[in-house]
Amino acid sequence: MHRTRLLPVLAGLLLLTGCAQKPAPQAASRDLFAMDTYMTLKVWCDDGDAANAEAAARIEALEAAFSVTRPESDIARVNAADGTPVTVGEDTANVIAAGLAMGAKTSGALDITVYPVLRAWGFTTDTMHVPEEAEIASLLADVDYTRVTLDGQTVTVPAPQEIDLGALAKGYTSDAVMDIYRAHGAQSAIVSLGGNVQALGTKPDGSLWKVGILDPFHPDQNLCVLEVADRAVITSGNYERYFEEDGTRYWHILDPADGHPADNGLVSVTVVGEQGLQCDALSTALFVEGTDGAVDHWRRDGSFELVLVTDDARVLITEGLEDCFTAVAGYPVEVVRRGD
Ligand code: ADP
Ligand code: MG
């Protein structure tokens, strides 16, 4: 008797919960080319296409502000100002502030004023070449981020210095995209700006994102896969932009100490953390600091984890990644611990 009564009640309950649960949002994807990079955006939310359209517009606006080559950009205006103060947009001021702060944290391993030396190597153009030592030396004399001043949104870069935000602009950009997705109520999203990946939440089914890191010795293959949620996974490698002359490879990350491609034991640095801006700035800075410098920096600062690949094909991972790291290539892997 009781049983027969319960059944319709249960059926009613099931129906109710069925109605209350909204269907899971579909993925909305968008590909674009900006900041000299192929980008893919993927988000799960009710208005995913609108969220991606907003993200694409934001990316284009940031590119217009940061570009060193577009004459009307904030950075081009600063570089052309001959040392007079220039008012820039809030985003540009934020990224310059982060660049200067990372310069101070890394004793100038990241130096946003290295740009004239990068240009001498041709890394900003299609005609890359080894410059004369005398030219490097004379340009290096004016590489010094401490001479740049930022007062609110007013930037002063004394001539002949010029700045470039290439080391950290994409990290700021992926943070900005995550903000847009959050504002649209998304709980799952993943973007890739070149090799820079940033994930919001988990996959829609609650499992972790699997992010591949390229093998710097065979960049068409993965070195490893990391499983993460709510993280930026940002790599700087010597295989991303380079040229070869007389059998030597020259790449696009310069050591401000000598004006040559940074060659301090590392061929790839991946930084995993919450904020794209910080991870991007660090990936370039730690590439310059080299193996020991990068590990020391990690020990001093608990806010990020690392996958380092050395020039003799060893992989070092910091202990926070131990459980989310799966090797793909066969290189020896060493876990670096805080207590070591
Ligand atoms: P990518 O943007 O190519 O993925 P990075 O984040 O490592 O890689 O940034 C490299 C860019 O940073 C270079 O193309 C150049 O514009 C700039 N750069 C290179 N060396 C330095 C340095 N020591 N300090 C600041 N910026 C640098
Ligand atoms: Mg970087």
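Both ligands and their constituent atoms are indexed starting at 1 by order of listing. Along the sequence shown, residues are numbered consecutively beginning with 1.
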Can a non-hydrogen atom of Ala109 be found less than 4.0 Å from any atom of ligand 1?
yes
Using only heavy-atom distances, determine whether the side chains of Asp144 and Thr146 contain a donor-acceptor pair under 3.5 Å.
yes
Can you tell me which residue and heavy atom of the protein come closest to atom 13 (C) of ligand 1, and the distance to 0.1 Å?
His252 O, 3.6 Å
Tell me yes or no: between the side chains of Ser283 and Ser236, is some donor less than 3.5 Å from an acceptor?
yes
Please list, in number order, the atoms of ligand 1 under 4.0 Å from a heavy atom of Glu240.
1 (P), 3 (O), 4 (O), 8 (O)
Just verifying a value: how many Å separate Phe66 CZ and Asp74 CG, rounded to the nearest 0.5 Å?
8.0 Å
Output for pair (Tyr145 OH, Leu100 CG), nearest 0.5 Å, gives 8.0 Å
Among all protein heavy atoms, pick the one closest to atom 26 (N) of ligand 1 and tell me residue, atom and distance.
Ala167 CB, 3.5 Å
Are any N, O or S atoms from Ala281 nearer to the Mg ion (ligand 2) than 2.8 Å?
no
Check if Lys170 has a non-hydrogen atom at a distance under 4.0 Å from any atom of ligand 1.
yes
Just to confirm my output: which protein heavy-atom neighbour is closest to atom 21 (C) of ligand 1, and how far is it?
Val114 CG1, 3.8 Å
Candidate with minimal heavy-atom separation from atom 11 (C) of ligand 1, of Ala285, Gly103, Gly166:
Gly166
d(Thr318 OG1, Leu308 CG) to nearest 0.5 Å is 7.5 Å
Just to confirm my numbers, could you give the angle made at the Mg ion (ligand 2) by OD1 of Asp280 and O of Ala167, rounded to 10°?
80°
Within a distance under 4.0 Å of any heavy atom of Leu118, pick out the atoms of ligand 1 and give their elements.
15 (C), 16 (O), 17 (C), 18 (N)
Looking at Glu162 and Arg119, is any side-chain nitrogen of the basic one under 4.0 Å from a carboxylate oxygen of the acidic one?
yes
Got a salt bridge between Arg337 and Glu322, using NZ or NE/NH1/NH2 to carboxylate O under 4.0 Å?
yes
Parallel, tilted or perpendicular: which one describes the rings of Phe287 and Trp251, with boundaries at 30° and 60°?
perpendicular
For Asp258, is the CG atom crowded, meaning more than 12 foreign heavy atoms sit under 6.0 Å from it?
yes
Per-atom contacts of ligand 1 with Thr284, taking only distances under 4.0 Å to non-hydrogen atoms:
5 (P), 6 (O), 7 (O), 9 (O)
Tell me whether the Mg ion (ligand 2) has Thr284 as a neighbour, meaning an N, O or S atom of it below 2.8 Å.
yes
Asn264 and Glu289 side chains, donor-acceptor separation under 3.5 Å:
no
Using a 3.5 Å distance criterion without hydrogens, assess whether the side chain of Arg77 forms a donor-acceptor pair with backbone atoms of Thr87.
yes
Quick note on ligand 1: atoms under 4.0 Å from a heavy atom of Asp280 include exactly 6 (O)
Numbering as shown, the atoms of ligand 1 that approach Ser236 to under 4.0 Å (heavy-atom distance)
5 (P), 6 (O), 7 (O)
May I ask you to identify the nearest protein heavy atom to atom 25 (C) of ligand 1, giving residue, atom name and distance to one decimal place in Å?
Asp111 O, 3.2 Å
The atoms of ligand 1 lying under 4.0 Å from a heavy atom of Asp164, numbered in the order shown, are 15 (C), 16 (O), 17 (C)
Among Ile112, Val68, Leu254, Val271, closest by any non-hydrogen atom to atom 22 (C) of ligand 1
Leu254
Find all atoms of ligand 1 within a distance of less than 4.0 Å from any non-hydrogen atom belonging to Pro256, and give their numbers and elements.
23 (N)
